[in-house]
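Order of appearance sets the numbers: ligands from 1, and atoms from 1 within every ligand. Nothing fancy with the numbering, it's 1 onward along the sequence.
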Amino acid sequence: MSLLFPRLAFADDALAFRVGDQTLTHRELARRAGGHAADCLARGLRPGDRVAVWATADVDTVVALVGHALVGLVSVPLNPKLGRRELAHVLGDAEPRAVFAADPAAFADQAPSEPVGTAEAPPPERAVDDEPLLVLYTSGTTGAPKGAVITARNVAANLDALADRWGWTDADVVVHALPLFHVHGLVLGLFGSLRVGGALHHLGRFTPEAACDALGGEGSMLFAVPTMLHRLADAAEADRTLVAGLRAARLLVSGSAGLPVREHRRLERLSGRGVHERYGLTETLINCGVSAAGDPQPGYVGPPLPGVELKLVDDERRELDAHDDETLGEVAVRGPSVFAGYLNRPDATAAVRDADGWFYTGDLAARRADGAIRIVGRRSVDLIKTGGYKVGAGEVEACLLEDPAVAEVAVVGEADPDLGQRIVAYVVPRGDAPDVESLIQRVADELTPHKRPREVHFVDGLPRNAMGKVQKKRLGTPGPQAETSGEER
Ligand code: MLC
Ligand code: AMP
């Protein structure tokens, strides 16, 4: 039987997790996760049950996430900043049997939850099986987010492929400041470190100084979204002493959104070393990555990982046999890391995965002769990536339309040097223009703060085609008659 987290079965006193001045060794983590698992069973929870986890970055939450994984409970990590409507949607859809919150007061109004027990017990041994491990909520173009069901095998296969590509071992300490409710921070950062038997040093919150300090110390690899690397480059330009940390790292990894070539070059100029990119999705985990054994490849996310089949297809999903770095097609992937489907949404699952197991990503790319992939954009203008978070234009539009002063609205992502894309709302007011701050706050309160528009433009009407469909590509800098207001932050 192969185990999901082999080192936890033979745990020792090496570091497994650090955040601030709190640490867990592999032995402590194994025993506390075992205690949490036993506690869950004693409360009547059974393998296969879903448990929502208020995913703050702290030791108790890590113990709970690992305890659930070991005993077969399916964690549904929640962004602690989820607004009212989105939280109600996720809880209504996932129907968790329990909610875990390290600080139950944070969750008191929403549902009963219990603090983590401090009891210790031998950890259960979780095999790499085909049972669900996580349900991760991710946005689509329209409607509310969908829960992607990820199995233990999806995760193990993907982490082993990444370990191979990055030479990732038990000697590595990953440094990151990513949230523990998405693939990047949770699956790669936490579960990846545990699967290889290494450690995760979580920074709590991202600052360039903290990242460089950690890399200058015990940290060997940095996992970051492009926004963080952009801020690192800005900070290192202003304070050259930060460069030492970047130089000391074994590997700097960027993902969750494309890192512009200019940012690659800037970091290279500053630190003399480059960034290795990898590309993935919540539903497929990581598909491609640049090998750590070779040089970084600015503009490319590398070839498919071992075990991942990848093809480029045209609009009719016919395969394009192009290796010219020019012909564009949608990326489709197949392999052991493609998810089990969306919870309660067979229709949505069938729309993205065909009968042969191919998953259609919606990403447009070209392929080089050596197989390296260059991501150039997305098929839909309604999927926005901001700071590495995926946001569906439709969910933000639906939220804004609830304001009685909004007659029509179109939400788009506009190029932003820091966030990659920033969310911009074009609003046709009903009568007098509504207050911009309250529109922005509505989205922050109902959905989540990272989905809030950073700018709101008032317009007389939205550009439409003959069929009446809004033509978002024609929205851009509003005309001279339009009233414009930016967010003041
Ligand atoms: C601001 N804030 C507000 C607010 N305005 N809160 C309520 N109402 C308002 N109107 C708060 C925010 O919540 C936040 O708090 C702080 O003020 C700053 O907000 P921000 O400007 O939105 O955040 P920012 O500093 O820009 O964040 C940048 C970032 C973040 C890079 C740190 O975007 C981030 O963590 N990105 C990671 C996304 C990620 O992990 N993606 C992986 C998806 S998996 P506070 O306390 O939060 O600072 C995937 C697959 C793959 O994609 O390939 O990996
Ligand atoms: P999510 O649904 O949050 O998992 O986001 C997945 C999407 O992030 C993908 O479909 C891509 O559009 C984008 N993405 C992730 N990594 C990269 C990358 N290295 N380059 C470009 N886009 C990326």
Atoms in ligand 2 flagged as close to Ala257, the criterion being non-hydrogen separation under 4.0 Å: 14 (N), 15 (C), 16 (N), 17 (C), 18 (C), 19 (N), 20 (N), 21 (C), 22 (N), 23 (C)

Answer yes or no: does an N/O atom from [X] fall short of 3.5 Å to an N/O atom of ligand 1?
X      : result
Gly387 : yes
Lys81  : yes
Arg278 : yes
Asp418 : no

Classify the ring geometry between His89 and Tyr137 as parallel (under 30°), tilted (30 to 60°) or perpendicular (over 60°). perpendicular

Against heavy atoms of [X], which atoms of ligand 1 measure under 4.0 Å?
X      : answer
His184 : 42 (C), 44 (S), 54 (O)
Gly280 : 53 (O)
Thr227 : 31 (C)
Leu178 : 40 (O)
Lys385 : 49 (C), 52 (O)
Ala444 : 8 (N), 9 (C), 10 (N)

Taking the six-membered ring of Tyr360, is NZ or CZ of Arg353 closer than 6.0 Å to its centre and within 45° of its axis? no

Within-shell test, Val301 vs ligand 2, heavy atom, strictly < 4.0 Å: yes

Tell me the nearest of Gly280, Gly302, Pro226 to atom 6 (C) of ligand 2, using heavy-atom distances. Gly280

Pick from Gly140, Gly289, Gly258: the one approaching atom 20 (N) of ligand 2 most closely through a non-hydrogen atom: Gly258

Less than 4.0 Å between a side-chain N and a carboxylate O, is that true for Lys451 and Glu446? no

Compute whether any side-chain donor of one residue and acceptor of the other, for Ser220 and Asp172, lie under 3.5 angstrom apart. yes

Under 3.5 Å between any N/O of Thr361 and any N/O of ligand 2: does that happen in this structure? no

Are any of the side-chain heavy atoms of Lys311 and Trp358 separated by less than 4.5 Å? yes

Tell me if a side-chain donor or acceptor on Glu277 pairs with a main-chain N or O of Gln297 at a distance below 3.5 Å. no

Between Asp234 and Arg231, is there a donor-acceptor pair closer than 3.5 Å when you use the side chain of the first and the backbone of the second? no

Among protein heavy atoms, which lies nearest atom 5 (O) of ligand 2, and at what distance? Lys385 NZ, 2.8 Å

